[in-house]
Engineer: 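I have a structure here, written as structure tokens, and I will follow up with some questions on it.
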Amino acid sequence: MSRFKYILGTSSIGLSIGLFYWNKNNNNKKVNKFTYDDVSKHDNSTNGIWVTYKDNVYDITNFIENHPGGKDKILLSAGKGLEPYWNIYKQHTNNSSIIKDILTPMKIGTLSNYDPEKYKGITDPYINDPDRDTELNFHSRSPCNAETPKNQIMNNWITPNELWYIRNHHPVPDIDIKKFKLTINNNSLSLEDLKKMKCKKVISTIQCGGNRRGELNNIGKTSGTSWDYGAISTAEWRGVPLRDLLINFGITDNDNIINHVHFEGYEGVKSSIPIEKAMNNYGDVLVAYEMNGEDLPRDHGFPLRVIIPGYVGIRNIKWLKKITTSDKEVDGIWQRGISYKGLPHYIKDANDISIDKIAPIQELPVQSCIVDILPDKEKLKIKGFAWSGGGRGIIRVDISCDGGKTWNMAELKKGSEQKLNKAWAWTFWEFNTTNKKGEIICKATDSSYNTQPENSEFSWNIRGLNNNSWHRIKWNIK
Ligand SMILES: Nc1nc2c(c(=O)[nH]1)N[C@H]1C(S)=C(S)[C@@H](COP(=O)(O)O)O[C@H]1N2
Ligand SMILES: [Mo]
């Protein structure tokens, strides 16, 4: 009897070895098995960085530097499951190509002791995000990324607060106003202290560095939200000039050591600007507590945000908690890392270039977009906006209604009255044509005579930033 059992035993081992080899040949690769314990040892650069998702194990060592959300963030999951973090950063699970195109090539095996319950029952950190206008054009909800609705852009030279585009990286912080403090180097201020200081109003347009990224995705894949042209809005901000605050706390003009001013939000997003902009009396940098006559809405930075007129969206740090002066730029993905570095079109892999040698995007290039095409008796009325970084006003918008064969000048409307070197807000434009079908193109020129590039092929870059190529719309009104 016992001998019989032994024979059965060996033959079943033989069978499973046979099956294993059959599987191996069939899939053409061997599936390594690991335990949660094996994975947990790979949470450092010496052993490599491994993570799990469901029952799969991935080696992400070579990926972390290029993680669009920052190296620090992805390292939180080193040696562990991605689930608790992907529950916070839902863009991952909302986007199936992240698993297919990014994770799968890094797969090194599966978990032998997989427990589907291991990361269950974690509360959604977005539960306290504010309610939002349903008219916004949502790309994602957690974190919230939404465009100003296109049919509302030209109705409002000043964008109403509830229609402002929203670009959040994390859950909206819930800030207790009584405990709120802003620190400036080693000093701290309450909101009341700030509101007692001399204030100023500034009308400034903010545009996300990724605005119009979606068009670049038609040429080649980029990373980040696939924005159309609605990640741009305008408001009147009220607050304390940053220059006054810095002077108040002992910073002087022509300081030889300070080169940059750093800003940090409550949820850890950081950026910096050069001291020349921060201290410029005409630069209009504000520590703002009001947006269009109301307290800042929670999505837009309540209770405080910094406004850097003429600079890319990310520098306008929301939920501002800390200002620091320094000889260097701030650390982190948004300033020194790849997130806001405009690379050339011929770089297809960020590992091929030293990111730290590339300047971060600060002042934005000249931009213009066609928004409305409205039948008006025998004519068409075309409306749009133009804007440039650095306060450079719009001196001209050129329009073609036949795909670029003939051109004419648009009429510059609201916004064109701004000073040419302090035009922080956009300029609206209009153009009438009798053409009823074809391709409309617009391109703007700013006060430095910079103009928009024709081809998006050459504007393309892996992060999909700074797309300001000629804006084109095909139309056919019957
Ligand atoms: N603290 C903090 N500040 C931030 C962000 C953020 O996620 N956190 N997003 C930045 C980016 S990328 C942009 S484009 C603008 C968007 O501002 P808005 O949401 O008010 O339109 O805020 C910037 N400031
Ligand atoms: Mo942005």
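The shown structure was predicted, so the numbers you read here are calculated from the model rather than taken from an experiment. Order of appearance sets the numbers: ligands from 1, and atoms from 1 within every ligand.
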Engineer: Side chain, backbone, both or neither: which part of W319 comes within less than 4.0 Å of ligand 1 when only heavy atoms are counted?
Structural biologist: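 W319 to ligand 1: side-chain contact only, backbone stays beyond 4.0 Å.
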Engineer: Testing the 3.5 Å rule here: is there a donor-acceptor pair between the side chains of E454 and S469?
Structural biologist: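 On atom types as modelled, these side chains do not qualify, holding no pair under 3.5 Å.
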Engineer: Does only the side chain of V269 get under 4.0 Å from ligand 1, or the backbone, or both, or neither? Count heavy atoms.
Structural biologist: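 Near ligand 1, V269 shows its side chain, while the N, CA, C and O stay back.
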Engineer: Where's the contact between E267 and ligand 1, heavy-atom distance under 4.0 Å: side chain, backbone, both or neither?
Structural biologist: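 Answer for E267: side chain.
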Engineer: Please work out, at 4.0 Å between heavy atoms, whether the side chain, the backbone, both, or neither of W164 comes within that distance of ligand 1.
Structural biologist: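 Just the side chain.
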Engineer: Taking only non-hydrogen atoms of F263, do any sit less than 4.0 angstrom from ligand 1?
Structural biologist: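 Contact check F263 vs ligand 1: negative.
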Engineer: Checking side-chain polar atoms at under 3.5 Å, does S271 have a donor or acceptor matched by the opposite partner on W334?
Structural biologist: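 No.
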Engineer: Judged by modelled atom types alone, do H345 and E457 share a side-chain donor-acceptor pair under 3.5 Å?
Structural biologist: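 No, no side-chain donor-acceptor pair sits under 3.5 Å.
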Engineer: Is it true that D299 and R132 make a salt bridge, defined as a side-chain N closer than 4.0 Å to a carboxylate O?
Structural biologist: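 Salt bridge present between D299 and R132.
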Engineer: For ligand 1, which part of L320 has a heavy atom less than 4.0 Å away: the side chain, the backbone, both, or neither?
Structural biologist: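 Neither part.
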Engineer: Is there any salt bridge (charged side-chain N to carboxylate O under 4.0 Å, His left out) pair reaching into residues 230-242, and which pairs are they, with sequence neighbours excluded?
Structural biologist: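 Every pair satisfying salt bridge (charged side-chain N to carboxylate O under 4.0 Å, His left out) with a residue in residues 230-242: R238-E290.
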Engineer: Run the salt bridge (charged side-chain N to carboxylate O under 4.0 Å, His left out) test against D372 and tell me which residues pass, sequence neighbours left out.
Structural biologist: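 By the salt bridge (charged side-chain N to carboxylate O under 4.0 Å, His left out) rule, D372 matches no residue at all.
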Engineer: Does even one non-hydrogen atom of Q207 get within less than 4.0 Å of ligand 1?
Structural biologist: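 The answer is no, since Q207 has no heavy atom less than 4.0 Å from ligand 1.
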Engineer: Does some non-hydrogen atom of I314 fall short of 4.0 Å from ligand 1?
Structural biologist: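 Heavy atoms of I314 do come under 4.0 Å of ligand 1.
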